[in-house]
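I have placed the structure first, in the form of structure tokens, so that the comments after it can refer back to it.
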Amino acid sequence: MKYKNLEILRDHGFRVPRFIVVKTAEEYEESFSDASLFAVRSSFSSEDAKHASFAGQYETFLNVPQEEVKDKINLVLQSNQTDQVKCYKAAKNIQNEEQSFVIVQEMVDADCAGVVFTANPVGILNEMVVVVGEGLGNHIVDDKIKTTTYYYNVDDDLYCYDQQDDSYLLDEVVLKELLETAKKIQDLYGQYMDIEYAIKDKTIYILQARCITTFSLEQKIILDNSNIVESYPGISLPLTQEFVQEVYYRIFQNCLSRITKNSQFVQEIDEYLKGMIGVANWRIYYQISNWYAVLHTLPFSKRIISIWQKMLGVTNASVLLPEKFQVPRRIKFSVFQSFLYYLHQTPKRMKQLNQKFEMQYQGYQNKIEACTTIPELLGIYEQIKQEILKDWDLTLVNDMYAFLYTAFAGKRNKELLADIKNLESMKPVKGIRILSNIAQTYGLNSEQYKRGAKRYIEEYGDRCLGELKLETKTYRTNKELLDAYVEKQEGIKEEGKEEQPCKKSRNLFVKKAKCGIENREISRMNRSRIYGMARNIFLKIGFILQENKALTAKEDVFYLYIHELEEKKDLKDLVEQRKKEAAFYQKIPSYSRLVFDGQIVNKRGQMSHSGILSKTNTLSGIGTSLGKVSGEVLVIEEPKDTIDTTGKILVTTSTDPGWVFLIQNARGIIAEKGSLLSHTAIIARELQKPAIVNVKDCTRILKTGDHVFLDAQAGIITIER
């Protein structure tokens with residue numbers, strides 16, 4: 001009951017205003033307090049029902065003078081017999097005999113008051129919600145004052161808030177203390193809590209605490225952006241969201257069919273395969289419990305999951321499998337056989353896959369060029385999904401091959417693993433250097449440069465920043481971007497050391513790890529070409545819709561879903577609505593992890609600010625490309641080719657392969673995400689730039705213009721303020 005909760009809180013040292021509990025008005029003793037004003041509220045046994053909160057059903061009185069307390073006690077007790085309460089009990093099927101108590105509590109003359117939910121009641125379990133308004137809490141319940149609502153992600157220590165006009169704002173120190181207090185109360189009860197508080201002169205008082213009754217907790221959905229945020233930083237537009245979900249579904253479906261050799265089992269777990277990717281607030285995540293389910297089919301799954309987490313930089317190591325997920329022994333045995341087979345055959349299979357793609361690629365480019373109608377273009381799109389993605393699951397097998405042998409090679413061979421020359425991801429950089437030399441010798445308008453630029457676009461035109469977002473402008477779709485980037489390279493001095501010959505190693509694990517990494521980079525280059533073909537298809541569809549006056553610009557096609565592309569109606573209003581949604585979701589912090597109660601929930605409201613609560617002058621992470629350097633920080637939230645990174649230490653959430661164009665002119669790089677096999681690590685090693693990854697909150701703690709000392713050997717960043 002509520003009064004028992006208050007007693008527990010008081011006995012555990014929480015600041016609770018003095019109170020007394022009575023069953024009747026006659027039991028009330030005025031001598032319990034010499035305060036002048038009191039709060040009188042219910043504490044009925046029905047309010048403890050797990051499926052019912054009784055919010056607002058019973059009377060509550062605030063600022064009650066001593067002489068009126070007994071009258072208010074009677075009114076609170078009588079409120080248990082109203083028709084409204086009887087109807088509510090019937091709706092909630094509450095039939096047990098009621099135990100009725102009343103709490104009389106000293107009033108706090110609050111500067112502000114409100115409620116803390118230790119989990120968002122809409123179903124976001126790792127997000128605390130703080131509602132605050134000026135004065136007393138009843139004004140908030142009655143909607144008599146404007147309020148500010150804070151949303152705090154417990155995994156990232158990030159918050160944002162929705163302020164109504166000039167509503168009350170909490171001091172950040174007080175906000176932090178309030179959240180810490182709420183966490184302690186949740187830990188005390190072992191449940192998600194609804195906590196009422198008041199604040200006077202920055203002192204926090206706990207007025208009530210009850211369990212949140214609206215969660216089912218039957219099946220948690222966990223979204224995690226480890227590794228995938230490299231490919232999809234920030235928000236992604238609807239067409240990208242749908243395309244990515246479809247690609248992952250087909251690839252994992254094919255992969256499970258390949259290694260289990262059992263179509264019935266694959267069909268049984270189809271719902272997990274369809275949910276490998278989740279989208280929240282227009283950001284793309286791994287639906288990580290489904291990944292754990294798929295990895296659970298592998299032999300030695302606990303060990304493999306641990307390796308997979310390290311290679312992808314998953315910071316939360318807890319493994320949560322979907323309920324009732326079981327892998328039959330016959331499937332485990334079949335997968336074990338496949339596992340041994342592919343440990344031996346993966347390099348050969350990857351070589352075949354790469355050769356097959358090279359043969360298919362130009363043919364599909366020609367087909368796309370020849371199409372003139374939306375049905376034709378969508379037909380080619382389906383062919384690409386059916387034919388090219390058919391064997392693309394081998395890249396997943398190769399990823400696991402690279403992860404395992406990198407782990408087997410161990411930390412002692414870290415330097416040897418870093419020493420890989422002529423990676424596919426570096427070829428575009430070398431191509432840019434050649435183009436830059438041509439431009440400086442003959443000029444951008446020369447025939448020599450035009451021929452070189454054409455060759456470059458044919459080969460690497462899809463490799464750019466944000467290349468896996470279909471809405472991204474690439475060198476293939478916007479040639480002027482290439483010209484501008486090449487022109488910007490003139491006079492830039494390379495700071496990397498002279499390239500040394502690759503070090504030889506007799507370690508079998510190192511050799512196999514390098515082979516896996518090399519094939520991984522080739523497949524990722526080819527992946528950018530697959531996405532490039534999809535981009536071209538949808539841009540052509542967008543052009544047709546623009547010609548038919550259904551869209552204002554062909555690029556607006558990316559705000560639509562695939563099933564909407566065949567509609568012959570005006571789509572401009574729908575696109576404008578989606579653009580407003582995109583602008584709103586841009587303001588939401590990029591959370592690394594979201595935990596939902598049964599279904600994914602997107603944010604709504606008007607977020608006006610975001611911030612981080614913990615701050616420090618020293619950060620740490622994983623040094624992936626060794627060296628020491630000091631310099632000025634450049635925080636990059638939205639990467640663009642026009643950003644001048646010369647001589648700067650780049651700070652970002654993560655990188656994709658296209659970042660090679662930014663990193664090559666920088667002094668070093670710091671990233672929130674990443675591991676030894678992340679793009680940040682691989683590209684930085686190849687360019688011989690010091691890099692530290694897996695640095696929590698670096699994009700919020702570090703500011704552009706800060707000076708830092710980066711020690712990649714120790715994995716330490718020191719802010720030199």
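Throughout, residue positions are numbered sequentially from 1 according to the sequence presented.
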pair [X]-[Y]: side-chain heavy atoms closer than 4.5 Å:
{"X": "Ile717", "Y": "Val695", "result": "yes"}
{"X": "Ile288", "Y": "Arg593", "result": "yes"}
{"X": "Lys220", "Y": "Asp597", "result": "no"}
{"X": "Val294", "Y": "Leu273", "result": "yes"}
{"X": "Ile212", "Y": "Phe117", "result": "yes"}
{"X": "Phe101", "Y": "Ile103", "result": "no"}
{"X": "Thr149", "Y": "Tyr151", "result": "yes"}
{"X": "Phe596", "Y": "Ile124", "result": "yes"}

If you look at every heavy atom in [X] and [Y], which pair is closest and at what distance?
{"X": "Pro121", "Y": "Thr214", "result": "O-OG1, 3.8 Å"}
{"X": "Ser100", "Y": "Leu77", "result": "CB-CD2, 4.0 Å"}
{"X": "Ala113", "Y": "Ala110", "result": "CB-CB, 4.5 Å"}
{"X": "Leu223", "Y": "Gly278", "result": "CD2-CA, 4.0 Å"}
{"X": "Ala39", "Y": "Leu62", "result": "CB-CD2, 3.6 Å"}
{"X": "Leu179", "Y": "Met128", "result": "O-CE, 3.7 Å"}

More than 12 heavy atoms of other groups within 6.0 Å of [X] [atom1]:
{"X": "Glu29", "atom1": "CD", "result": "no"}
{"X": "Asp573", "atom1": "CG", "result": "no"}
{"X": "Lys572", "atom1": "NZ", "result": "yes"}
{"X": "Lys4", "atom1": "NZ", "result": "no"}

Note: [X]-[Y] ion pair, threshold 4.0 Å (strictly below):
{"X": "Lys183", "Y": "Asp187", "answer": "no"}
{"X": "Glu59", "Y": "Lys72", "answer": "no"}
{"X": "Glu672", "Y": "Arg700", "answer": "yes"}

[atom1] of [X] to [atom2] of [Y]: how many Å apart, nearest 0.5 Å?
{"X": "Glu68", "Y": "Asn63", "atom1": "CD", "atom2": "CG", "value": "10.5 Å"}
{"X": "Ser620", "Y": "Asn694", "atom1": "OG", "atom2": "CG", "value": "9.5 Å"}
{"X": "Ile20", "Y": "Glu30", "atom1": "CD1", "atom2": "CD", "value": "10.5 Å"}
{"X": "Cys160", "Y": "Ile588", "atom1": "SG", "atom2": "CD1", "value": "5.0 Å"}
{"X": "Arg18", "Y": "Gln105", "atom1": "CZ", "atom2": "CD", "value": "11.5 Å"}
{"X": "Asn126", "Y": "Ile222", "atom1": "CG", "atom2": "CD1", "value": "9.0 Å"}

Discussion item. Going by the rule side chain to side chain donor-acceptor pair (under 3.5 Å), which residues pair with Gln586 if we only count those two or more places apart in sequence or in a different chain?
Written reply: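 None.
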
Worksheet entry | From CA spacing to verdict: side-chain contact (heavy atoms from CB on, under 4.5 Å), Phe38, Phe32 | CA-CA 12 Å; Phe38 300 88; Phe32 101 93; 3.7 Å; yes

Worksheet item: In chain order, what residues pass the salt bridge (charged side-chain N to carboxylate O under 4.0 Å, His left out) check against Glu564, with sequence neighbours excluded?
Response: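 So Glu564 forms a salt bridge (charged side-chain N to carboxylate O under 4.0 Å, His left out) with Arg578.
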
Under 3.5 Å side-chain donor-acceptor pair for [X] and [Y]:
{"X": "Ser167", "Y": "Thr147", "answer": "no"}
{"X": "Tyr159", "Y": "Glu172", "answer": "yes"}
{"X": "Tyr249", "Y": "Asp270", "answer": "yes"}
{"X": "Asn225", "Y": "Ser592", "answer": "no"}
{"X": "Gln164", "Y": "Thr148", "answer": "no"}
{"X": "Ser236", "Y": "Gln241", "answer": "no"}

Discussion item. A cation-pi test, strictly: NZ or CZ of Lys603 under 6.0 Å from the centre of the six-membered ring of Tyr585 and no more than 45 degrees from its axis. Yes or no?
Written reply: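 Relative to the ring axis of Tyr585, which defines the angle, Lys603 lies outside at least one limit.
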
Discussion item. Show me the pairs that pass side-chain hydrogen bond (donor to acceptor under 3.5 Å, both in side chains) and involve residues 276-287, at least two apart or across chains.
Written reply: Asn227-Tyr286

Under 3.5 Å: donor-acceptor pair, side chain of [X], backbone of [Y]:
{"X": "Asn120", "Y": "Val129", "answer": "no"}
{"X": "Thr118", "Y": "Met193", "answer": "yes"}
{"X": "Asn5", "Y": "Ala209", "answer": "yes"}
{"X": "Glu27", "Y": "Lys23", "answer": "yes"}
{"X": "Ser42", "Y": "Phe44", "answer": "no"}
{"X": "Lys469", "Y": "Ile235", "answer": "yes"}
{"X": "Gln66", "Y": "Leu37", "answer": "no"}
{"X": "Glu242", "Y": "Ile562", "answer": "yes"}
{"X": "Asn74", "Y": "Asp71", "answer": "no"}
{"X": "Thr181", "Y": "Glu177", "answer": "yes"}

Worksheet entry | Aromatic ring proximity, centroids under 6.0 angstrom, Phe215 and Tyr192 |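 Yes, ring centres under 6.0 Å apart.
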
Practice prompt. Would you list the pairs meeting ring pair (Phe, Tyr, Trp, His ring centres under 6.0 Å) in which at least one residue belongs to residues 9-31, sequence neighbours left out?
Written response: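 Every candidate ring pair (Phe, Tyr, Trp, His ring centres under 6.0 Å) pair involving residues 9-31 fails, so no pair, neighbours aside, qualifies.
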
Discussion item. The test is side-chain contact (heavy atoms from CB on, under 4.5 Å); show your working for Gln245 and Val279 and say whether it passes.
Written reply: CA-CA 9 Å; Gln245 288 175 312; Val279 177; 3.7 Å; yes

Fill in: Residue that, paired with Leu560, satisfies side-chain contact (heavy atoms from CB on, under 4.5 Å) out of Leu237, Leu239, Leu574
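Filter result, single survivor: Leu574.
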
Could you list the donor-acceptor pairs under 3.5 angstrom formed by side chains in residues 199-207, with sequence neighbours left out?
none

Practice prompt. Over 60° means perpendicular and under 30° means parallel, so classify the ring planes of Tyr292 and Trp308, tilted if in between.
Written response: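 Judged by the thresholds at 30° and 60°, the geometry between Trp308 and Tyr292 is perpendicular.
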
Discussion item. Between Val132 and Tyr197, does the side-chain contact (heavy atoms from CB on, under 4.5 Å) criterion hold? Intermediate values first, please.
Written reply: CA-CA 9 Å; Val132 63; Tyr197 68 90; 3.2 Å; yes

Fill in: Sequence-distant partners of Tyr561, ring-ring contact (aromatic ring centres under 6.0 Å, His included), two or more places apart
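With sequence neighbours excluded, Tyr561 shows a ring-ring contact (aromatic ring centres under 6.0 Å, His included) to no residue whatsoever.
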
Worksheet entry | Verdict with reasoning, Ile636 to Val651, per side-chain contact (heavy atoms from CB on, under 4.5 Å) | CA-CA 6 Å; Ile636 300 178; Val651 176; over 6 Å; no

